[in-house]
Amino acid sequence: MKNMRIIAVTIILVIGVALFLFLNKEGHKEDMSMKTYTGVMEPRIGYVELQVSDLDQSLTFYKELIGFQVLERDEKTVTLTTDGTVPQLLLREEESFVERPLRSTGLYHFAILVPTRQDLALSLKHLLESGYPVQGASDHHYSEAVYLADPDNNGIEIYVDRDSNQWTRDENGGYVGATNPLDAESLFAEIKENNWNGLRSGTRIGHMHLQVSDIEESERFYVEALGLDIVAKDTHMLFVSKDAYHHHIGMNIWSGKGLPAPPENALGLKYFTIHFTEEEYNSSKANLDRLGFNYSEDNKEMSVEDPSGNTIKIILKN
């Protein structure tokens, strides 16, 4: 236990300043109070494709430090999974890839949702023991999270949700978040005699967080066109979701408004997928047409760019 306490104190000192400004969020004016999220609902975010500078280096990182398994590999790409069946992360290397400009839209982080607090504790302990830099660790009220970046500086969150019955809503029905220090000692107490053995089955991509150029334009796209619900909003950030989740897609302009999109061959996010029901799919397609957003469609899969140049593939759920 002494070692666990030392680690707990260390991580509290490491995180120092919280990454995210969740404290004064305003919920959407739509009353969401009648909707309730349950953890048994199917995942909405499918998989993420990243453009990387060194495939072997990235593969080592995502296998040995994060805990994914290889599903498929060829010379230029690797597909990673946690259950041996479903792809969750695709890594692609090309000689033509260039550094993503610092002040540009794109990935803020992608978030790996683990099934239990014990899983999060084991991941955090493994990262600390490896010596790999952890950038933050926070209690967001509806979740507990650890933050780091991969070798290409792509942001990663590893998190666990609290029971949705403990999530707090504001007067408008939106979720109230926070950025409090993670209670690392309580978290590490979950480990008991268990050892880290990678990300276990049941882990999924829980949400995406994007740097965007304009909050209002993003709202028009994600809410009016795609039909997601606002669950938190202020002048510099917007969180949206389906199924009354605390957020499936987060957006911010914390680095500035009006940022340009990175080059198409920039390192970082290539696209991510989101799953829609047939009704949602058809509705979003009609809305995209009505609002003048361009998209392509192939075999019940739509590919569309948001106003900030982030690409989403909308996949019809089986």
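The model shown is predicted, which means the values in this text are computed figures rather than measured ones.
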Compare every heavy atom of [Y] with every heavy atom of [X], then report the nearest pair and how far apart it is.
| X | Y | answer |
| --- | --- | --- |
| Tyr147 | His109 | CE2-CE1, 3.9 Å |
| Pro151 | Tyr132 | N-OH, 3.9 Å |
| Thr116 | Val160 | C-CG2, 3.5 Å |
| Val231 | Ser241 | CG1-OG, 3.5 Å |
| Asn154 | Gly268 | OD1-CA, 3.2 Å |
| Tyr159 | Ala145 | CB-CB, 3.8 Å |

From [X] [atom1] over to [Y] [atom2], what is the distance, rounded to the nearest 0.5 angstrom?
| X | Y | atom1 | atom2 | value |
| --- | --- | --- | --- | --- |
| Asp229 | His248 | CG | NE2 | 10.5 Å |
| Ile312 | Leu226 | CD1 | CG | 6.5 Å |
| Glu99 | Asn153 | CD | CG | 9.0 Å |
| Leu124 | His126 | CG | NE2 | 11.0 Å |
| Leu80 | Tyr47 | CG | OH | 13.5 Å |
| Leu59 | Leu91 | CG | CG | 7.0 Å |

Note, [X] side chain near [Y] side chain (heavy atom, < 4.5 Å):
| X | Y | result |
| --- | --- | --- |
| Val48 | Ile205 | yes |
| Phe239 | His209 | yes |
| Phe293 | Pro307 | yes |
| Val146 | Val134 | yes |
| Leu50 | Phe110 | yes |
| Ile156 | Tyr62 | yes |
| Leu113 | Ile45 | no |

In a table with atom names and distances, give each donor-acceptor pair under 3.5 Å that connects a side chain of residues 255-265 to protein atoms at least two apart or in another chain.
residue	atom	partner	partner atom	Å
Lys257	NZ	Asp214	OD2	3.4
Asn265	ND2	Ser96	O	2.7

Side chains of [X] and [Y]: is there a donor and an acceptor less than 3.5 Å apart?
| X | Y | result |
| --- | --- | --- |
| Ser284 | Asn287 | no |
| Thr168 | His141 | yes |
| Asn165 | Asp163 | yes |
| Tyr142 | Asp161 | no |
| Ser308 | Asn310 | no |
| Glu157 | His207 | yes |
| Tyr175 | Arg169 | yes |
| Asn252 | Tyr108 | no |
| Tyr281 | Glu297 | yes |
| Tyr271 | Glu49 | yes |
| Asp289 | Tyr295 | yes |

Donor-acceptor contact below 3.5 Å, side chain [X] vs main chain [Y]:
| X | Y | result |
| --- | --- | --- |
| Asn282 | Glu279 | no |
| Gln51 | Arg92 | no |
| Gln88 | Thr203 | yes |
| Arg100 | Leu107 | yes |
| Glu190 | Gln118 | no |
| Ser138 | His140 | no |
| Lys270 | Leu90 | no |
| Arg44 | Ile274 | no |
| Gln211 | Ser104 | yes |

Is it the case that atom [atom1] in [X] sees more than 12 heavy atoms from other parts of the structure closer than 6.0 Å?
| X | atom1 | answer |
| --- | --- | --- |
| Lys317 | NZ | yes |
| Glu94 | CD | yes |
| Glu278 | CD | no |

Can [X] and [Y] be counted as an ion pair, charged N to O under 4.0 angstrom?
| X | Y | value |
| --- | --- | --- |
| Arg290 | Glu224 | no |
| Glu216 | Arg220 | no |
| Lys285 | Glu280 | no |

Phe221 and its side-chain contact (heavy atoms from CB on, under 4.5 Å) partner, picked from Asp306, Val240, Leu291: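 For Phe221, the side-chain contact (heavy atoms from CB on, under 4.5 Å) test succeeds with only one of Asp306, Val240, Leu291, which is Asp306.
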Step-by-step side-chain contact (heavy atoms from CB on, under 4.5 Å) determination, His236 to Ile215: CA-CA 7 Å; His236 289 80; Ile215 293 298; 5.7 Å; no
Stepwise side-chain hydrogen bond (donor to acceptor under 3.5 Å, both in side chains) test for Asp152 and Ser53: CA-CA 7 Å; Asp152 289 308; Ser53 60; 2.6 Å; yes
Derivation of the side-chain contact (heavy atoms from CB on, under 4.5 Å) call for Leu120 and Leu187: CA-CA 8 Å; Leu120 181 64; Leu187 188 69; 4.1 Å; yes
Shared hydrophobic cluster for Leu55 and Leu269 (ILVMFWY, side-chain gaps under 4.5 Å):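 In one cluster: yes.
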Trp167 ring center near His247 ring center (under 6.0 Å):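 Here the rings of His247 and Trp167 have centres that are no less than 6.0 Å from each other.
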Residue pair Thr311, Val304: steps toward the side-chain contact (heavy atoms from CB on, under 4.5 Å) verdict: CA-CA 6 Å; Thr311 300; Val304 60; over 6 Å; no
Worked verdict on Leu210 versus Phe272 for side-chain contact (heavy atoms from CB on, under 4.5 Å): CA-CA 11 Å; Leu210 309 171; Phe272 66 93; 4.1 Å; yes
Output a table of donor-acceptor pairs, distance under 3.5 Å, between side-chain atoms of residues 65-75 and any protein atom two or more places apart or on a different chain; print 'none' if there are none.
residue	atom	partner	partner atom	Å
Gln69	NE2	Thr82	O	3.1
Arg73	NH2	Asp56	OD1	2.7
Asp74	OD1	Lys76	N	3.0
Asp74	OD1	Thr77	N	2.8
Asp74	OD1	Thr77	OG1	2.7
Asp74	OD2	Thr77	OG1	3.1

